[in-house]
S.K.: 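Below is the structure I would like to discuss, written out as structure tokens.
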Amino acid sequence: MFENLSERLGGVFDRLTKQGALSDDDIKTALREVRVALLEADVSLPVARDFIKAISDKAAGQAVTKSITPGQQVVKIVHDELVHVLAGDNDNAGELKIDNAPAPILMVGLQGSGKTTTTAKLAKRLKEKQGKRVLMASLDVQRPAAQEQLAVLGTQIGVDTLPIVKGQSAVDIAKRAKQQATMGGYDVYMLDTAGRLHIDEVLMDEVQSVRDIANPRETLLVVDGLTGQDAVNVAEEFDSKVGVSGVVLTRMDGDGRGGAALSMRAVTGKPIKFVGLGEKMDALEEFHPERVAGRILG
Ligand code: GDP
């Protein structure tokens with residue numbers, strides 16, 4: 001569907017006269033193509049604009065090495081800058097602060113973002129890769145099936161879930177989870193909060209109350225990577241209200257080109273810790289900036 005950016009730039013530079021260094025005009029033309037590629041990959045306009053500005057400074061006056069074409073050279077500059085922005089100064093994606101047992105992890109996000117699935121995927125990962133004893137609890141008292149959904153996943157992956165007690169509030173459940181995690185000698189307890197279709201005050205109040213009880217070591221925001229700019233708005237909102245320590249982008253197995261990741265990183269400054277790559281319990285990966293950069297470039 002999309003023409004590859006390298007091919008596109010190759011075409012642009014073929015039309016330009018070969019010179020010893022990238023000229024201003026060469027760069028201008030190339031950057032127009034880069035801008036289109038970013039927008040097609042669902043990078044938000046202001047982020048694309050800032051990004052172009054940063055690379056135009058870097059590209060100016062760069063000597064064109066014999067081994068690669070000017071088109072490839074610009075692609076390399078763009079690629080390196082994408083990786084730089086995506087990685088931030090966080091070179092240990094996937095590492096969570098889970099010392100001091102029992103370490104609470106708060107999972108937040110909108111309904112349907114993949115929060116419950118991600119909670120279970122992450123629990124499985126902590127258990128298998130780090131040998132952690134994990135307790136999961138669903139605080140979703142709005143959707144009756146939500147607590148059962150987490151219990152079913154728990155059984156499937158061999159991770160304990162907090163027994164369901166009907167009629168309790170999210171705050172009651174959070175207190176019980178904390179108590180059980182302490183008494184039961186768990187390393188980590190994960191609180192899967194209720195989502196809504198849109199952000200609303202009641203939701204935020206509830207998440208804040210839960211946060212105050214649990215005092216989480218990590219607050220992970222789960223967002224649908226296919227929702228582009230919306231994902232960034234959601235992240236800003238959650239961060240201002242409850243404070244987010246990291247982001248998990250789901251549905252990165254879909255058709256999206258990953259632009260949400262760039263916008264997310266650039267706008268919120270929050271590290272992307274993991275990406276969801278499918279519905280299966282193993283479909284969770286540490287965030288790899290190079291892979292997403294490659295995908296954005298097409
Ligand atoms: P929640 O409402 O935020 O808890 O969302 P769920 O965890 O129930 O997920 C909603 C749907 O998205 C389910 O059908 C999941 O299997 C699916 N899902 C979650 N993460 C991913 C992902 O990374 N890729 C794909 N393709 N589907 C996902």
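Atoms within a ligand are numbered from 1 in the order they appear, just like the ligands themselves. Here the structure is a predicted model, which is why all the values come from computation and not from measurement.
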S.K.: Determine yes or no for a side-chain-to-main-chain donor-acceptor pair under 3.5 angstrom, with Lys124 supplying the side chain and Asp282 the backbone.
M.R.: no
S.K.: Yes or no: does Leu110 have any heavy atom under 4.0 Å from an atom of ligand 1?
M.R.: yes
S.K.: Please report which non-hydrogen protein atom sits nearest to atom 3 (O) of ligand 1, along with the residue it belongs to and the distance in Å to one decimal place.
M.R.: Lys115 N, 2.7 Å
S.K.: For atom 8 (O) of ligand 1, find the nearest protein heavy atom and state the residue, atom name and distance (0.1 Å precision).
M.R.: Gln149 NE2, 3.1 Å
S.K.: Which residue and non-hydrogen atom of the protein lie closest to atom 22 (C) of ligand 1, and at what distance in Å?
M.R.: Gly278 O, 3.2 Å
S.K.: Do the side chain of Lys115 and the main chain of Thr193 share a donor and acceptor less than 3.5 angstrom apart?
M.R.: yes
S.K.: Can a donor-acceptor pair be found between the side chains of Asp172 and Ser169 at a distance below 3.5 Å?
M.R.: yes
S.K.: Starting from atom 6 (P) of ligand 1, which protein heavy atom do you reach first, and at what distance in Å?
M.R.: Thr117 OG1, 3.5 Å
S.K.: Which option wins on minimum heavy-atom distance to atom 12 (O) of ligand 1: Glu279, Lys280, Met252, Arg251?
M.R.: Arg251
S.K.: Distance to 0.1 Å, residue and atom name: give those for the protein heavy atom nearest to atom 5 (O) of ligand 1.
M.R.: Gly114 N, 3.1 Å
S.K.: List the closest protein heavy-atom neighbour of atom 26 (N) of ligand 1: residue, atom name, distance to the nearest 0.1 Å.
M.R.: Asp253 OD2, 2.7 Å
S.K.: Salt-bridged, Lys241 to Glu206, with N to O below 4.0 Å?
M.R.: no
S.K.: Heavy-atom contact check, 4.0 Å cutoff: does Gly112 meet ligand 1?
M.R.: yes
S.K.: Would you check whether Ser113 has a nitrogen or oxygen atom less than 3.5 angstrom from a nitrogen or oxygen atom of ligand 1?
M.R.: yes
